[in-house]
Amino acid sequence: MSRLSILKYPDPRLHTKASPVLSVDDSIRQLVTDMADTMYAAPGIGLAATQVDVHKRVIVIDVSEDRNRLLTLINPEIIAREGTQICEEGCLSVPGIYEDVERSERVMVRALDRTGQTFELEAEELLAVCIQHEMDHLEGKVFVEYLSRLKQSRIKSKMQKLQMRQSA
Ligand code: GNR
Ligand code: NI
């Protein structure tokens, strides 16, 4: 198990579109283990491979209270969605920023699990939000891109100042 470092907005690598996983092999399972370790340590409720600079369609999520229900989604697709909800979101790649984002209320997702088997999952509430947030990362999209240009530029300069201080 090892913890991976998380890219911070506005790192341009966060805008890379991830490629499908061609075969769920041991290297993918190792990536999943390391991503889960990184997510639990952060702590966060989800992590997309994009955030650890691996541009493959792999997501880990755990929205359980006891942090013992790891969900792995490989090559996820949303096959149905309905309704809308607004949730205050945060992101491990944009630390300290929490803003409301509108998402679908319920989603039906099809994905591969750690063994390469296809499964379907119906999600609502926070899990549905998290799945949509993580799938955006795989498309190279960070949640702040839903905010006004003014908010985005304020967040960008705040993050840049923070990183200047941290690297000084
Ligand atoms: O830890 C996280 N919390 C969270 C809260 C509300 C909506 C989405 C999220 S995902 C985030 C972890 C993260 O950045 N995943 O990409
Ligand atoms: Ni995120």
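Both counts, for ligands and for their atoms, begin at 1 and track the order of listing. As a basis for the values below, the full set of heavy atoms in this structure was taken, side chains included, without hydrogen atoms, waters or symmetry mates.
The side-chain heavy atoms of Arg67 and Pro43, taken from C-beta on, include a pair separated by under 4.5 Å. At a threshold of 4.5 Å between non-hydrogen side-chain atoms, the residues Glu134 and Val60 do not count as touching.
Sorted by chain and number, the residues within 4.0 Å of ligand 1 by heavy atom are Gly44, Ile45, Gly46, Gln51, Glu88, Glu89, Gly90, Cys91, Leu92, Val129, His133, Glu134, His137.
Looking at Asp62 and Arg69, no side-chain N of the basic residue comes within less than 4.0 Å of a carboxylate O on the acidic one, giving no salt bridge. Classification of Lys8 and Asp11 as a salt-bridged pair fails, no side-chain N sitting under 4.0 Å from a carboxylate O. Using a cutoff of 4.0 Å between basic side-chain nitrogens and carboxylate oxygens, Asp136 and Arg103 are scored as salt-bridged.
Using modelled atom types, one finds a donor on one side chain and an acceptor on the other under 3.5 Å when comparing Gln51 with Ser93. Between the side chains of Asp66 and Ser64, no donor-acceptor pair is found at a separation under 3.5 Å.
The number of protein N/O/S atoms found under 2.8 Å from the Ni ion (ligand 2) is 3.
With a 6.0 Å cutoff to the six-membered ring centre and a 45° limit on the axis angle, Lys141 counts as a cation-pi contact of Tyr146.
Among Glu124, Arg81, Glu82, the one residue that satisfies the side-chain hydrogen bond (donor to acceptor under 3.5 Å, both in side chains) test with Ser104 is Arg81.
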